[in-house]
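Single-structure report; data block below.
Each chain gets a letter, A, B and so on, in the order the sequences are listed, and its residues count up from 1.
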Amino acid sequence: MSLDLWIEVILKCVVVFFIVLTIVAYLVLVERKVLAAMQSRVGPNRVGPQGLLQPAADAVKLMTKETVVPEEADRNLFLMAPVVSLVPALLAYSVIPLGSHINLFGREIQLHVTDINVALLFILAMSSIGVYGIFLGGWSSNNKYALMGGIRSSAQMISYELSMGMSVIGVIMLAGSFSLVDIVNAQSSIPFVVYQPVGFVLFWIAAMAEINRTPFDLPEAEPELVAGYHTEYSGMRFAMYFLGEYANLVTVCTIGALLFLGGWHVPWPAPTWMSPLWLALKVAALIFFAIWTRGTLPRFRFDQLMAFGWKVLLPVALLNIFVTALVMVLVD
Amino acid sequence: MQEQYLPILVMLIIATGFAAVALTISWLLGPSRPDANKNETYECGVSPVGDARERFSVRFYVVAMLFIVFDLETVFMFPWAVVFKQLPTFYFLQMLIFLVILTVGLVYEWRMGALDWNTSRGKMIWRSGHDKAA
C-alpha cells in the first residue's frame with residue numbers, strides 16, 4: 001500500500017471512531033430526553049443549554065471516580081473485562097459503510113473504512129466476542145448478582161444470536177454477498193424489507209435481545225439482579241460497559257437500515273454526497289423506535305424469554321429461509 | 001486481498017488505545033482510598049454469605065450445547081446462501097433435507113422438554129433421582 005492510501009485509511013479510522021464516540025455520547029442524552037418526554041418529565045437540562053453538555057459532564061465525572069475492585073474478585077479479569085466488551089463493539093464500525101462516496105480534494109473517497117467480502121460475518125463475530133466481555137465481567141466480580149446477570153446475559157445473547165444470524169440469511173440469498181456495500185447496492189430500486197418483512201421483524205427482535213434492550217433487558221433487571229453483570233463496576237470501567245452497549249445499539253440500527261431499509265438509497269434521485277444523510281435519517285428512526293419501545297414495554301420473565309427465542313423466533317427464522325428459497329426457485 | 005483487512009487492524013489499535021488512555025486518565029485522576037468495607041462484595045449491605053461461584057442451573061449448560069449445534073448449522077447455511085442464486089435447483093433440495101433433519105432435532109428437543117425453563121413442564125431431562133423420590 002502506498003503512503004497516500006495509508007494516510008487515507010488512518011484518517012478514515014480516526015474520523016469514524018470519533019463520529020461513533022460522539023454519537024454514542026449524545027445517544028445517552030437523547031435517550032434520557034426522549035424517555036423523559038414520554039413520561040411527562042423534563043429530563044437533564046442543567047448542564048449547558050437544554051442539557052447539551054451533559055455527556056461531557058458525565059465523562060468528566062466518570063473519569064474522576066475511584067475504581068473499586070472487590071476483594072474477592074479475580075483482579076486481572078475484572079479490570080480487563082470492560083475493554084473486551086467495548087473494543088469489539090467499536091471494531092464493528094471498521095466494516096460498516098456510512099454512505100456511498102464523496103469527491104473531496106479532487107479524488108473520490110469511499111465512505112467506508114474497508115469493504116471486506118465477509119463484512120456481515122465479521123459483525124456477527126464481533127457481537128459474539130462482546131458476550132465474553134459481559135460474561136467475564138459477571139464471573140470475575142465474584143458477586144452473586146453479577147454472576148447471575150452474566151450467565152443470564154450470555155444465555156440470552158447466544159440464544160438470540162442464532163435467530164439473528166438466520167434472519168439475515170434471506171437478505172444474503174437475495175443480494176448474493178456478505179459485503180455490506182454490495183447488499184446496499186442490490187437495494188437501489190427496492191429495499192429488502194419489501195421482500196423480507198418477516199426477516200426484518202425477526203432481525204429487529206433478535207437484535208434488541210442481543211444488545212439487552214427493553215423488553216429483553218433481563219441481565220439488568222434491577223428488582224432481582226441489582227445491576228446485573230456490572231453491579232461491582234464503577235468509574236471509567238462502568239462507563240465502558242455503557243459505551244459498548246450504546247455503540248451496539250447504533251450498530252444494530254445501522255445494520256438494520258443497511259440490510260433491510262435500503263441503506264443510503266432513497267426512492268427519488270439524490271446526489272451521492274447526500275447519501276450519509278439518508279442513512280443517518282433511517283438509523284435515527286430505528287434508534288427512536290428502540291427508545292420508544294423502552295418507554296412502552298415492560299420486561300419479559302426469563303423463562304418466557306428463552307421459550308420465545310427457541311420456540312418462536314428460531315422456527316420462524318427456519319421457515320423464513322425455506323420460504324425465501326422456495327420463492328426464489330419458483331420465480332427463477 | 002489482505003490489504004482490505006489492514007484497516008480493521010488500524011481500528012483495533014485505535015479502539016484499544018482509546019481504552020488504555022481512558023483507563024490511564026481515570027487511574028491518574030480518580031482517588032484511591034480502599035478500605036475493608038468498600039472493597040467487600042456487594043450484597044445489599046450485609047456481609048456476603050458464601051462464595052458466588054456455586055453450582056448454577058444445568059439448563060444454561062444445555063442452552064450452550066444447543067447453541068453450538070444450531071450455530072454450526074447457521075455457519076453451514078451462510079456459504080450456501082451467498083451462492084444460492086447461481087446454484088441449480090438440486091442444491092435447494094439438498095439444503096431442504098439438511099433443514100428437515102435439523103428441524104427434527106429441534107422438535108425432539110422440544111418434546112423432551114430441553115427448551116422448557118419451567119420445571120413442572122419439563123418432561124424428561126430435568127427429572128433427577130431427587131425428584132422421583134419426592
Side-chain angles (χ1 to χ4, degrees), chain A residues 1 9-10 12-14 17 63-72 83 86-87 90-91 93-95 113-116 121 142-145 147 151 155 158-159 161-162 165-166 169 172-173 176-178 226 231-232 235-237 240 302-303 306-307 310-311 314-315 318 321-322 325 328-329, chain B residues 3-8 10-12 14-16 18-20 22-23 25-27 29-34 36 38-44 48 51-53 56 59-60 63-64 66-67 70-71 74 77-78 81-86 89 92 95-96 99 102-103 106 109-110 115-118:
Chain A
M1 268 163 93
V9 162
I10 291 172
K12 270 184 189 170
C13 285
V14 172
F17 185 76
M63 279 224 178
T64 50
K65 287 279 175 190
E66 179 176 355
T67 304
V68 181
V69 185
E71 248 166 47
E72 307 280 306
V83 183
L86 176 67
V87 169
L90 294 171
L91 212 51
Y93 287 92
S94 54
V95 297
V113 176
T114 180
D115 176 29
I116 56 174
L121 213 54
N142 205 352
N143 173 314
K144 295 184 186 73
Y145 305 107
L147 181 66
I151 291 171
I158 59 175
S159 300
E161 205 174 279
L162 289 176
M166 287 190 186
I169 284 182
I172 298 166
M173 279 156 69
S177 174
F178 272 126
V226 189
T231 301
E232 292 286 2
M236 201 56 217
R237 288 187 164 78
M240 283 187 161
F302 193 69
D303 62 318
M306 296 309 269
W310 286 96
K311 294 181 179 176
L314 192 61
L318 282 170
I321 295 170
F322 169 66
M328 280 176 76
V329 166
Chain B
E3 278 181 7
Q4 292 179 325
Y5 291 87
L6 280 173
I8 298 178
V10 175
M11 201 65 159
L12 179 67
I14 294 177
T16 324
F18 165 77
L23 290 179
I25 292 177
S26 101
W27 178 62
L29 292 182
S32 180
R33 286 186 287 272
K38 194 196 273 177
N39 286 355
E40 204 169 55
T41 304
Y42 172 79
E43 204 162 302
C44 303
D51 197 73
R53 288 164 199 162
F56 51 83
R59 285 158 210 204
F60 290 106
V63 164
L66 292 181
F67 164 72
F70 281 92
D71 209 33
T74 331
M77 270 195 264
F78 277 142
V82 173
V83 288
F84 181 70
K85 272 201 268 193
Q86 302 146 28
T89 316
F92 166 65
M95 189 43 91
L96 191 63
L99 276 181
L102 281 158
T103 312
L106 184 67
E109 282 153 14
W110 198 326
L115 306 179
D116 285 322
W117 281 70
N118 196 335

Value rounded to 0.5 Å, distance of [atom1] in [X] from [atom2] in [Y]:
{"X": "A:I172", "Y": "A:M166", "atom1": "CD1", "atom2": "CE", "answer": "11.5 Å"}
{"X": "A:M236", "Y": "A:K65", "atom1": "CE", "atom2": "NZ", "answer": "14.0 Å"}
{"X": "A:S94", "Y": "B:Y5", "atom1": "OG", "atom2": "OH", "answer": "11.0 Å"}
{"X": "A:I321", "Y": "B:T74", "atom1": "CD1", "atom2": "OG1", "answer": "7.5 Å"}

Using non-hydrogen atoms and a 4.5 Å limit, figure out which bit of [X] sits close to chain B: side chain, backbone, both or neither.
{"X": "A:V95", "result": "side chain"}
{"X": "A:M240", "result": "side chain"}
{"X": "A:L90", "result": "both"}

Under a 4.5 Å heavy-atom cutoff, which of [options] has the most pairs with chain A?
{"options": "B:V82, B:L66, B:L29", "value": "B:V82"}
{"options": "B:I14, B:V10, B:L12, B:T103", "value": "B:I14"}
{"options": "B:Q86, B:M77, B:E109, B:M95", "value": "B:M77"}

Under a 4.5 Å heavy-atom cutoff, which of [options] has the most pairs with chain B?
{"options": "A:M328, A:M306, A:K12, A:E161", "result": "A:M306"}
{"options": "A:V329, A:L86, A:V83", "result": "A:V329"}
{"options": "A:L318, A:I116, A:L121, A:L314", "result": "A:I116"}
{"options": "A:L91, A:I169, A:I158, A:I10", "result": "A:I158"}

Contacting moiety of [X], where chain A heavy atoms sit under 4.5 Å:
{"X": "B:L102", "value": "neither"}
{"X": "B:I8", "value": "both"}
{"X": "B:L99", "value": "side chain"}
{"X": "B:V63", "value": "both"}

Would you tell me whether A:T67 and B:W27 have side-chain atoms, one donor and one acceptor, within less than 3.5 Å of each other?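 The answer is no; no qualifying pair exists.
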
What pairs with A:Y93 under ring-ring contact (aromatic ring centres under 6.0 Å, His included), at least two apart in sequence or on another chain?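 Partners of A:Y93 by the ring-ring contact (aromatic ring centres under 6.0 Å, His included) criterion come out as none, since no residue qualifies.
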
My understanding is that only residues two or more places apart in sequence, or in another chain, count here; which of them pass ring-ring contact (aromatic ring centres under 6.0 Å, His included) with B:F92?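 By the ring-ring contact (aromatic ring centres under 6.0 Å, His included) rule, B:F92 matches no residue at all.
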
Apply side-chain contact (heavy atoms from CB on, under 4.5 Å) to A:N142 and A:L147, showing your working. CA-CA 7 Å; A:N142 205 352; A:L147 181 66; over 6 Å; no

What's the verdict on side-chain contact (heavy atoms from CB on, under 4.5 Å) for A:L162 and A:W310, showing C-alpha distance, side-chain angles and the deciding distance? CA-CA 9 Å; A:L162 289 176; A:W310 286 96; 3.4 Å; yes

